[in-house]
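To start, the structure under review is shown below, and the notes come after it.
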Amino acid sequence: MYKKIKETAEWIQQRMPNAPTIAIVLGSGLGELAKRIERLKTFPYKEIPNFPVSTVEGHAGELIFGKLGGVDVLAMEGRFHYYEGWTMQQVTFPVRVMYELGIKTLFVSNAAGGTNPDFQIGDLMIITDHINYMPENPLHGPNIPTGPRFPDMGEAYSKKLIAKADAIAAKHGIKVQHGVYLATQGPTYETPAEYRMFARWGADAVGMSTVPEVIVAHHCGIECFGMSIITDLGGMENPMKITHEEVLRAAEAAQPFMATIIEEMIKV
Ligand code: HPA
């Protein structure tokens, strides 16, 4: 695996037009930020050696090198989900490659179901912590020497970046929630009983991504910042039927606000 990571990083290095230290993983329906990136070079995943190719609707599957607010960035449009059948090593392969390319800060976004009764559809939630409820940890197996065998997870999401996001949100009058993101393996959305259980466990939102990428990035010493768009609410009095289309629609409405926050965080 390590050899493949190095091989892919070298292939990209020989072709990349700039050397960003900031990377962004764009989740379900969060293409808005991608549109704001001034593209210098785009690599479809299928052209990158050893890269998995994403299959989910709404995920373009490109690695974008460009500038956002004048700052060099690397963006992943389309990520790899465990439910697609990828192994955890494949899901987190791009993050490993990012580390080799010199990435120091990672921004991740996703769509998530709210389990916190105070949340509303369309809310933005800054991820303050996570619960890994996926069946496997991406660091399972021989330790890749980018970090310790038993990594500390006390501050997986940078407090400094959270404070910065709060200040930017306040300046623009954008309402943000804070909360714990719980990741399931999917692809089922939760039953009402599961939503209630996750809420009791301390989760504010639940989704099917992000946690593997953040674990690996944190292991590599990459500073992480994550945001969720709350696209549906589960386990409440009036259970609603969730569809992928509804999730994408709710994400669509909220994503310009998230894009503004992330763009400004990168700029300052
Ligand atoms: N559960 C899991 N993943 C999700 C949800 C949800 O309610 N909404 C968007 N992604």
Side-chain angles (χ1 to χ4, degrees), residues 24-34 54-61 76-86 88 91-92 107-136 138 157 176-215 226-259 262:
I24 310 164
V25 177
L26 304 155
S28 282
L30 305 178
E32 169 77 23
L33 196 60
S54 144
T55 60
V56 182
E57 200 188 318
H59 292 257
M76 264 186 85
E77 191 168 20
R79 57 148 63 95
F80 306 105
H81 300 88
Y82 187 75
Y83 61 74
E84 291 175 87
W86 304 112
M88 279 295 183
V91 168
T92 56
F107 291 83
V108 284
S109 62
N110 59 53
T115 49
N116 182 324
D118 297 333
F119 286 4
Q120 287 174 345
I121 291 175
D123 275 356
L124 292 178
M125 184 187 90
I126 293 175
I127 304 176
T128 53
D129 204 350
H130 74 220
I131 296 173
N132 183 18
Y133 186 61
M134 284 190 165
E136 202 188 312
Y157 299 83
V176 284
Q177 306 279 12
H178 289 97
V180 173
Y181 176 89
L182 181 144
T184 73
Q185 64 171 302
T188 45
Y189 293 116
E190 289 61 44
T191 63
E194 286 166 342
Y195 277 118
R196 289 193 297 271
M197 174 180 79
F198 292 149
R200 284 199 203 108
W201 282 2
D204 298 289
V206 49
M208 306 172 197
S209 66
T210 302
V211 165
E213 290 111 311
V214 167
I215 290 175
M227 261 186 129
S228 299
I229 294 183
I230 305 300
T231 54
D232 51 272
L233 301 167
M236 310 294 168
E237 291 303 314
N238 50 343
M240 49 182 266
K241 199 161 157 49
I242 313 168
T243 63
H244 186 54
E245 290 66 37
E246 267 176 70
V247 165
L248 291 180
R249 206 173 313 123
E252 191 69 39
Q255 58 169 321
F257 300 109
M258 172 142 89
I262 295 182

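Predicted, not measured: the structure shown is a model, and the values here were computed from it. Counting convention: from 1, in listed order, for ligands and their atoms alike. Each residue takes its place number in the sequence, starting with 1.
For atom 3 (N) of ligand 1, the closest non-hydrogen atom of the protein is Gly207 CA, 3.3 Å. Summary of contacts: the protein heavy atom closest to atom 10 (N) of ligand 1 is Ala111 O, 3.3 Å. Protein heavy atom closest to atom 8 (N) of ligand 1, with residue, atom name and distance, is Asp232 OD1, 2.7 Å. Closest to atom 5 (C) of ligand 1 among all protein heavy atoms lies Gly113 N, 3.4 Å.
Annotation for Leu33 and Ile24: closest pair CD2-CG2, 3.8 Å, computed over non-hydrogen atoms. When all heavy atoms are compared, the tightest approach of Asn110 to Arg79 is CB-NH1, 4.0 Å.
Interface atoms of ligand 1 facing Tyr195, defined by a heavy-atom separation under 4.0 Å, are 1 (N), 6 (C), 7 (O). Close approach to Val206 involves these atoms of ligand 1, each under 4.0 Å from a residue heavy atom: 1 (N), 2 (C), 3 (N), 4 (C), 5 (C), 6 (C). For ligand 1, the atoms lying closer than 4.0 Å to a non-hydrogen atom of Thr231 are 8 (N), 9 (C). Within the listing of ligand 1, atoms 2 (C), 3 (N) sit less than 4.0 angstrom from a heavy atom of Met208.
Surrounding CZ of Phe257 are at most 12 heavy atoms belonging to other residues, nucleotides or ligands under 6.0 Å away.
Counting only distance, with no hydrogens or angles, the side chain of Ser109 and the backbone of Val25 share a donor-acceptor pair below 3.5 Å. Judged by distance alone, the side chain of Thr92 and the main-chain N or O of Glu213 form no donor-acceptor pair under 3.5 Å.
When each of Val211, Leu26, Thr210 is checked for a side-chain contact (heavy atoms from CB on, under 4.5 Å) with Val108, only Thr210 meets the rule.
In terms of N/O distances under 3.5 Å, ligand 1 is approached by Glu190.
Thr184 pairs by the side chain to side chain donor-acceptor pair (under 3.5 Å) definition with nothing, not counting sequence neighbours.
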